[in-house]
Amino acid sequence: MTLLILLGLVVAAGVPYILWTRMDARKASRAIAVHEDVQSMGDELVPVSIHPEVDLDACIGSSACIRACPEDDILAITDGRARLINPMSCIGHGACMSACPVGAITLVFGTAKRGIELPKLTSTFETSQAGIYIVGELGGMGLIRNAVEQGRQAAAAIAKSGRRGSAGDLDTIVVGGGPAGISAALALIAHGHRTLIVDQDRFGGTITHYPRAKVVMTGSFELAGYGTVRRKTMSKEQLLELWTDIRERTQLDIKEGVRVESIRAERNAWRVSGASWSDHAPNVVLALGRRGAPNELGVPGEDLPKVAYRLIEPDPFAGKHVMIVGGGNAAADCAIALAQAAICASVAISYRKDKLARLRGSVRTELDRCFKTGAIQPLLSTEVKSITEDHVTLKTPEGMKQIRNDNVIIQIGGQPPSALLKTIGIELVEKRGEA
Ligand SMILES: Cc1cc2nc3c(=O)[nH]c(=O)nc-3n(C[C@H](O)[C@H](O)[C@H](O)COP(=O)(O)OP(=O)(O)OC[C@H]3O[C@@H](n4cnc5c(N)ncnc54)[C@H](O)[C@@H]3O)c2cc1C
Ligand code: SF4
């Protein structure tokens, strides 16, 4: 009887232990795979905003940081220590640092190997160019709540400066319609400023590009003239509904689809210009985020509505002949996502070189598989020459070819926002893993 009880106790304690160690081993091997995959992209990768750095000597492997992180597979325990396995997906919540019981985590900008350039700002977010302010992620700090707060503070400083446009002119141009730009514009309007928001894309910022149903940690934040949003978490869709409501219930003046390409001084004001738009104001708020402006091919037909510069969801491409242009991870990821959805009439990838180099390990494997099964048609050593409603013309080694096409997605890299800042003469500082 006693033996039976003992056996029962051993089984009761042993089974959960075996399951727990197996789960742990599975987690560790997944972490190593993610880490190797990211490492295979080389040293080029630098998290765009503030991110954790783990002091491996101080770390005791408690896993508290991993439990605290609201995103998946960013930190993991390998060899008994916490490591940042996927820095590029870190969005700077900072929950890991607060959770660490031994203070082994510091939040830093850039990495020791590769720095990031950040604008030098005053405490009111003014740059080295008087009248130009930078708010939100472009200043280095991620998160919606920070962006909203910085937008509000910069607006208050602008209002206090007393710089106004002449009668009938704008007082402030806000470049970027994400959380920082929206908040700044609302606060400026509340201060009586004639304000215009200009965005290269759609109103809403990076949030509009989140994956479907993404849970967003927002915390409460206050939008001038609209009210306080008191939600700890929201889905992407709920946030977009909030943006729509703000747009409908406030007097925001928004110009979408205009990429600002230059800002230069002009008689006590700043002239802000895009390809086919230009205006001036004594104050400019730059709320560009850190994702930059996508590069364009510069070919006839690129302005057609069927041309896009990123894939958000495969669904709109059901039944379509889609061509992805580019040879990096982003282009390959996009082609794979469409091929895996198996809803397109065809998926092709056009690249000017004869092979796609510098791909992450997992992307290379999946792309080769899709090439073999025909799920993706490789159009290597080809160059897009023009785009029409139903075709793309490619220059190929065998001459010009017309390919049937309904949608083109161009993924050929982009200009970092610091490029625009440099042309304006805004002073930048390089951060290499500094707190
Ligand atoms: C996948 C993902 C998940 C995230 N999850 C969270 C989360 O849960 N909680 C959280 O708080 N934060 C999260 N973030 C971070 C958050 O989205 C950003 O910190 C926030 O959007 C920054 O706001 P912003 O206004 O500074 O910039 P953005 O939202 O990036 O907006 C910048 C805007 O500027 C426009 N723009 C850029 N260049 C130009 C130009 N030259 N001319 C005209 N317009 C231009 C862009 O089109 C864009 O609309 C997440 C980010 C990502 C990518
Ligand atoms: S900073 Fe945030 S997203 Fe990045 S690892 Fe820490 S908790 Fe996760």
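Counting starts at 1 for both ligands and their atoms, following the listed order.
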Ligand 1 versus Tyr210: contacting region, heavy-atom distance under 4.0 Å: side chain
Proximity flag Gly94 to ligand 2, non-hydrogen atoms under 4.0 Å: yes
Ligand 2 atoms in contact with Cys69 (distance to a heavy atom under 4.0 Å): 3 (S), 5 (S), 7 (S), 8 (Fe)
Metal check, atom 6 (Fe) of ligand 2 vs Cys90 N/O/S, cut-off below 2.8 Å: no
Within-shell test, Lys214 vs ligand 1, heavy atom, strictly < 4.0 Å: yes
Option of least heavy-atom distance to atom 9 (N) of ligand 1 (set: Arg290, Met141, Met217): Met217
Side chain, backbone, both or neither: the part of Val216 lying under 4.0 Å from ligand 1 by heavy atom: both
Neighbour count above 12 (heavy atom, 6.0 Å) for Lys214 NZ: yes
Atom indices of ligand 2, in the order listed, that fall short of 4.0 Å to a heavy atom of Leu75: 5 (S)
Distance from atom 42 (N) of ligand 1 to nearest protein heavy atom, with residue and atom: Val260 N, 2.9 Å
Region of Pro179 engaging ligand 1 - heavy atom pairs below 4.0 Å: both
Proximal ligand 2 atoms for Ile91, defined as those under 4.0 Å from one of its heavy atoms: 3 (S)
Location of contacts on Val258 toward ligand 1, heavy atoms closer than 4.0 Å: backbone
4.5 Å side-chain heavy-atom contact, Phe125 and Val285: no
Ile91 touching ligand 1 at heavy-atom level, < 4.0 angstrom: yes
Numbered atoms and elements of ligand 2 in range of Ala95, under 4.0 angstrom, heavy atoms: 7 (S)
Part of Arg291 within contact of ligand 1 (heavy atoms, under 4.0 Å): side chain
Contact partition for His209 relative to ligand 1, non-hydrogen atoms under 4.0 Å: neither
Enclosure of Asn295 CG (heavy-atom neighbours >12, cutoff 6.0 Å): yes
Enumerated ligand 2 atoms positioned under 4.0 Å from heavy atoms of Ile74: 3 (S), 5 (S)
Sub-4.0 Å atoms of ligand 2 with respect to non-hydrogen atoms of Cys96: 1 (S), 5 (S), 6 (Fe), 7 (S)
